[in-house]
Amino acid sequence: MVVIKDYDRFLSKRSKARKPSAIRALQPLIALPGMISLGGGLPHPSTFPILDMSFTLTNGDSLTISENEMRRALQYSNTSGLPDLIEWLKQLQIEEHKPKYDFDICIGNGSQDVLSKAFEMLLNEGDSILIEKPAYTGALAFLRPMNLTFVDIETDGNGIIPEKLEEALKNWDESKPRPKAIYTVPIAGNPTGVGVSLERKKRIYELAQEYDFIILEDDPYYYLQFSEQRIPSYFSMDVDGRVLRFDSFSKILSSGIRIGWVSGPKPLVNRIVLHTQAGNLHASGLSQTFALCILRRWGVFGFMEHAKKTAAFYKNKRDIFIESAEKYLNGLAEWNVPTAGMFIWLKLLGIDDSETLIKKKAIEKKVLMVPGFEFFPNNDVTPYVRASYSTATKEEIDEALKRLASLLKDAIASKSQ
Ligand SMILES: Cc1ncc(COP(=O)(O)O)c(C=O)c1O
Ligand SMILES: *[C@@H]1O[C@H](CO)[C@@H](O)[C@H](O)[C@H]1NC(C)=O
Ligand SMILES: *[C@@H]1O[C@H](CO)[C@@H](O)[C@H](O)[C@H]1NC(C)=O
Ligand SMILES: *[C@@H]1O[C@H](CO)[C@@H](O)[C@H](O)[C@H]1NC(C)=O
């Protein structure tokens, strides 16, 4: 255990050059007794035409955002997030992950916002990054234009393979700077639908200590685990301050409200706060207030109950998908049964490259899936495809897999001719 005190070695040139906003620095002075502030830039709240807001939950509960809360929701507020929501989320993190150090949180407009800011904080153009293969396309979309070297680490039915990670680190070409971070979706990897076991997480954390890199734990499916016991997070085992954890309300409350948050060591979260100051100022006050209003009504217990129900919903959809897959795709495709989330990763047998089949022939037959190459950091040719069982009905899933099976049979037949 080596508690990290100085994070300079991890920061990109651009992040290091960021200074706190001059106006925001005045904020504490406004609170001094007798101070007459002509310094701030807050619009006058009496000019906002909105008074309060009421809404109804699907269970019939009526909630109201009071005039007072509404005034705060409509005004500029703290960069890192509404203090009351930050407090609620801190409590959630403490109960769920029992972090071993005094961490900070910054709320973003979705986890994608704070995730992309973390990438920007750590990486210079031309750097290397450790990344699981396959990887979430939304992360790749941000990283690709940065001219990075993707050191892609193979995964299997249990996520990242620690031995492969160790191999890459041991055999490092020392003419290149060593990687400062690994990017991983440890639960229900998008696209694979499977997660990393606790034993693997422990080993990967040890490697992060030994080779001194940051773990970017992108975990929007954490609460959608199908097992009774959730697998502990990297954040929960972090003793050095080398994990940045990304959570999201997108899959449990709403994706449209755009609320996600990063938790981690203060110096790193503070760099993301500085970026927010220079970018979007803060996540939407209305969205944050809306979420806070629901979370206060529920409490952490009610939130967990809702998460459990949501996970059960997806587990049922997974079972429906697997039933149809076994009916039509045996011998034509292979898969690992998803343990969380909404995706399944199919390996098409007898097909070398899924791209034309999925992008052209499947679309002609009116089945939409994502070809595997999109998820490979280095654009490998692959027989994989990603399917989601989230929104299609049982009948639609069954029909789609029937069509896929017929396509695969045709493709294999025409190949052997
Ligand atoms: C792995 C992963 N990370 C991040 C995101 C983005 O989530 P958010 O809506 O919180 O920005 C997604 C959304 O699909 C995702 O699958
Ligand atoms: C919000 O901002 C105020 C003024 O800058 C500061 O005093 C306070 O500590 C901040 N609260 C949180 C939770 O960050
Ligand atoms: C959301 O986050 C992105 C990425 O950081 C940023 O560019 C954008 O301005 C933000 N949008 C809003 C509405 O805050
Ligand atoms: C990308 O990075 C490499 C290695 O650092 C460098 O040689 C090359 O010029 C860079 N390309 C661009 C387009 O920036």
Side-chain angles (χ1 to χ4, degrees), residues 12-15 18 76-77 79-81 89 106-121 123-129 131-132 134-151 155 159-160 173 175-177 179 183-196 216-224 244-263 271-288 291 314 338 340-345 370 374-375 377 386 388 390-391:
S12 67
K13 280 185 236 156
R14 188 183 289 195
S15 183
R18 250 186 205 114
Y76 286 120
S77 63
T79 312
S80 59
L89 295 175
C106 178
I107 296 172
N109 65 35
S111 56
Q112 185 82 17
D113 173 20
V114 272
L115 178 65
S116 60
K117 285 169 180 161
F119 286 144
E120 200 254 20
M121 162 177 74
L123 299 165
N124 289 309
E125 300 250 337
D127 274 356
S128 300
I129 182 168
I131 187 164
E132 62 194 2
Y136 166 53
T137 47
L140 290 174
F142 186 86
L143 294 170
R144 283 216 153 98
M146 291 182 75
N147 189 23
L148 304 169
T149 301
F150 292 123
V151 182
T155 61
I160 292 187
D173 168 5
S175 70
K176 284 197 233 153
Y183 170 71
T184 176
V185 179
I187 302 292
N190 178 353
T192 61
V194 295
V196 185
L216 298 170
E217 173 173 56
D218 183 12
D219 216 356
Y221 304 99
Y222 179 78
Y223 288 103
L224 301 188
L244 277 176
R245 173 175 174 81
F246 301 87
D247 282 279
S248 172
F249 280 147
S250 287
K251 328 287 167 174
I252 19 182
L253 281 190
S254 152
S255 14
I257 60 169
R258 307 306 300 130
I259 299 288
W261 66 100
V262 58
S263 313
R271 288 280 130 195
I272 295 176
V273 172
L274 289 184
H275 188 166
T276 303
Q277 260 180 23
N280 49 332
L281 305 188
H282 60 72
S284 154
L286 189 55
S287 286
Q288 294 186 72
Y314 287 109
M342 51 189 77
F343 299 116
I344 183 161
W345 187 231
V370 188
E374 306 270 12
F375 301 92
R386 188 192 80 177
S388 164
S390 171
T391 52

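Remember, it's 1-based here, ligands and their atoms both numbered in the order they're listed.
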Item to complete: Could you walk me through whether T184 and E132 pass side-chain hydrogen bond (donor to acceptor under 3.5 Å, both in side chains), step by step?
Response: CA-CA 6 Å; T184 176; E132 62 194 2; 2.8 Å; yes
Among all protein heavy atoms in this structure, tell me which lies nearest to [atom], with the distance rounded to 0.1 Å.
{"atom": "atom 5 (O) of ligand 4", "value": "G126 CA, 3.9 Å"}
{"atom": "atom 4 (C) of ligand 3", "value": "D113 OD1, 3.5 Å"}
{"atom": "atom 9 (O) of ligand 3", "value": "N280 CB, 3.8 Å"}
{"atom": "atom 14 (O) of ligand 3", "value": "N109 ND2, 2.8 Å"}
{"atom": "atom 10 (C) of ligand 4", "value": "N147 ND2, 2.4 Å"}

Worksheet item: Given the side-chain rings of Y221 and Y314, with only the six-membered ring counted for Trp, is the space between their centroids under 6.0 Å?
Response: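 No - the distance between ring centres of Y221 and Y314 does not fall below the 6.0 Å cut-off.
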Worksheet item: So, do W261 and F246 have ring centers that fall under 6.0 Å from each other?
Response: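 No, the ring of W261 stays outside the 6.0 Å limit from the ring of F246, centre to centre.
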Practice prompt. Determine, counting only non-hydrogen atoms of the protein, whether one lies under 4.0 angstrom from atom 2 (O) of ligand 3.
Written response: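 There is a protein heavy atom less than 4.0 Å from atom 2 (O) of ligand 3.
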Discussion item. Which protein residues come within less than 4.0 angstrom of ligand 1, counting heavy atoms only?
Written reply: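 Ligand 1 pocket, heavy atoms under 4.0 Å: G110, S111, Q112, Y136, V185, N190, D218, P220, Y221, S248, S250, K251, R258.
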Discussion item. Between E217 and Y183, does the side-chain hydrogen bond (donor to acceptor under 3.5 Å, both in side chains) criterion hold? Intermediate values first, please.
Written reply: CA-CA 7 Å; E217 173 173 56; Y183 170 71; over 6 Å; no
Practice prompt. Test side-chain contact (heavy atoms from CB on, under 4.5 Å) on M146 and I129 and set out the steps.
Written response: CA-CA 11 Å; M146 291 182 75; I129 182 168; over 6 Å; no
Discussion item. Would you say that more than 12 heavy atoms from the other residues, nucleotides or ligands in this model lie under 6.0 Å from the CZ of R144, or not?
Written reply: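 Buried by this count: over 12 neighbours within 6.0 Å.
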Worksheet item: Is ligand 3 under 4.0 Å from a heavy atom in the side chain of K117, in the backbone, in both, or in neither?
Response: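 It is the side chain that touches ligand 3; the backbone stays farther off.
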Discussion item. Can you see whether N124 engages R14 through a side-chain donor-acceptor pair at a distance of less than 3.5 angstrom?
Written reply: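 No, no side-chain donor-acceptor contact under 3.5 Å.
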Worksheet item: Is the side chain of H282 donor-acceptor paired with the backbone N or O of S77 at a distance under 3.5 Å, no angle test?
Response: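 At least one qualifying donor-acceptor pair exists.
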Worksheet item: Is the backbone of S248 close enough, under 3.5 Å, to the side chain of S111 for a donor and an acceptor to pair up by distance?
Response: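 Not a single qualifying donor-acceptor pair exists.
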